[in-house]
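Here the structure is laid out as structure tokens; the discussion comes afterwards.
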Protein chains: 2
Amino acid sequence: MRLKIYSVSRMFLRMTITPSTLFAALAHDIRLRCLMLLLRHDELCVCELTHATGAAQPHVSRHLAQLRELGLVADRRAGLWVHYRIHPELPAWVVAVLRETAAGVADQAPFTDDDQALSTMPNRPSAARCA
Amino acid sequence: MRLKIYSVSRMFLRMTITPSTLFAALAHDIRLRCLMLLLRHDELCVCELTHATGAAQPHVSRHLAQLRELGLVADRRAGLWVHYRIHPELPAWVVAVLRETAAGVADQAPFTDDDQALSTMPNRPSAARCA
DNA sequence: CGGTTATATGCGGTTGAAGATATATTCCGT
DNA sequence: ACGGAATATATCTTCAACCGCATATAACCG
């Protein structure tokens with residue numbers, strides 16, 4: 001079964017997450033890396049995720065949109081910045097899968113590098129500045 | 001990153017399973033259903049998986065081959081039958097992800113139906129018959 | 001109202017995973 | 001060695017996810 005997660009309207013949020021759609025989301029490099037980053041840091045904005053992954057901004061933004069449409073992440077606008085976080089109402093088994101994955105790959109590339117790049121990011125928009 | 005799991009030679013088995021390759025494997029309907037069935041039953045042959053899922057035999061066989069090439073399952077030939085099982089040497093976090101998924105979707109379609117179809121399969125090759 | 005920064009989306013081209021069908025392979029019984 | 005059953009693979013076509021780039025939107029500030 002092919003999975004179409006591009007053109008899901010924002011109106012259909014909170015749809016049930018099926019295993020196939022979840023794993024299709026996790027199968028993509030950038031999407032998985034963003035989720036792993038969001039697991040470790042409560043909230044991150046697009047520029048932080050862009051810096052951490054080293055990917056192009058439209059690339060990150062597009063994949064975040066897919067995660068949002070699937071209901072895996074939630075976003076919060078604060079001024080110019082849009083803060084993403086793991087969706088607070090995920091099914092328990094989805095959270096379990098994410099956490100087991102994070103625990104299993106925490107010490108591998110590129111996940112460690114992403115964390116490193118994030119921590120050394122200059123002019124990082126702190127929560128105090130843009131909340 | 002695109003994932004190519006078709007043409008991996010059998011010589012390169014036991015390669016490290018990356019999150020991306022794992023989730024790409026789990027993202028496919030038939031592959032996930034086969035894995036969920038194999039989690040509940042120690043060993044199943046192709047005809048059992050074919051019957052349980054209702055898919056065409058070449059279809060099931062091809063996807064089992066992909067799972068084998070990724071190192072997610074192991075196969076054992078016994079006469080005409082080839083028995084598949086979850087690979088006994090999977091990394092702990094991979095097993096954890098599989099188990100959490102199974103626990104989360106056990107009561108959903110099509111997984112319950114697959115189990116039901118398997119249990120009512122006639123002339124099922126028992127382990128005693130073809131081991 | 002312009003200018004700047006942060007983020008989102010539209011579009012065309014590429015590519016490779018997936019499906020269907022036919023066919024090959026492997027093994028057993030006789 | 002032959003036929004049949006279980007499984008694997010080859011080939012072709014299709015189609016949608018992906019990428020890069022350009023551009024649009026949104027919010028803040030003077």
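Chain naming here is simple, since letters A, B, ... match the order of the sequence lines and numbering starts at 1 in each. Every heavy atom of this structure was used, including side-chain atoms; hydrogens, water molecules and symmetry mates were not.
- Listed by chain and number, the residues in a side-chain hydrogen bond (donor to acceptor under 3.5 Å, both in side chains) with B:R40 are B:D115 (sequence neighbours excluded).
- Going from atom CZ of A:R62 over to atom C1' of C:dG10 covers 8 Å, rounded to whole Å.
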Give the B/S/- string for nucleotides 21-30 of chain C, one per nucleotide from 5' to 3', where a protein heavy atom under 4.0 Å of the base yields B, of only the sugar-phosphate yields S, and otherwise -.
BB----BS--
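- Rounded to an integer number of Å, the gap from A:E69 CD to C:dA8 C1' is 11 Å.
- A distance-only check finds a donor-acceptor pair linking the side chain of A:T53 to the backbone of A:L49 [under 3.5 Å].
- Taking only side-chain nitrogens and oxygens, A:S61 comes nearer than 4.0 Å to OP1 or OP2 of C:dA8.
- Going from atom NE2 of B:H28 over to atom P of C:dG16 covers 18 Å, rounded to whole Å.
- A:Q66 places its CD atom 12 Å from the C1' atom of D:dC19, with the value rounded to the nearest Å.
- Taking side-chain N and O atoms only, B:R31 has a distance below 4.0 Å to OP1 or OP2 of C:dA18.
- Here the P atom of nucleotide C:dA8 and the CH2 atom of A:W81 are 14 Å apart, to the nearest Å.
- Closest approach to the B:V46 side chain among C:dG19, C:dT7, D:dA8 is made by D:dA8 (side chain taken as heavy atoms from C-beta onward).
- Annotation: ring-ring contact (aromatic ring centres under 6.0 Å, His included) contacts of B:H59 (sequence neighbours excluded): B:H63.
- For residues 99-113 of chain A, no pair satisfies salt bridge (Lys or Arg N to Asp or Glu O under 4.0 Å), with sequence neighbours left out.
- Between B:H63 and D:dT9 there is no side-chain polar atom (N or O) within less than 4.0 angstrom of OP1 or OP2.
- Between the CG atom of B:L49 and the P atom of D:dA6 there is a distance of 14 Å, rounded to whole Å.
- Scanning for side-chain contact (heavy atoms from CB on, under 4.5 Å) contacts around B:T50 gives B:V46, B:Q57, B:V60, with sequence neighbours left out.
- Shown here are the side-chain contact (heavy atoms from CB on, under 4.5 Å) partners of A:P122, two or more places apart in sequence or in another chain: A:H51.
- In terms of phosphate contacts, B:Y84 brings no side-chain nitrogen or oxygen within less than 4.0 Å of OP1 or OP2 of D:dA6.
- Atom CG in A:D29 sits about 13 Å away from atom C1' in D:dC19, given to the nearest Å.
- We find that NE2 of A:H51 is positioned 18 Å from C1' of C:dT7, with the value rounded to whole Å.
- When side chains are defined from C-beta on, A:R33 counts as touching A:D114, because their heavy atoms get closer than 4.5 Å.
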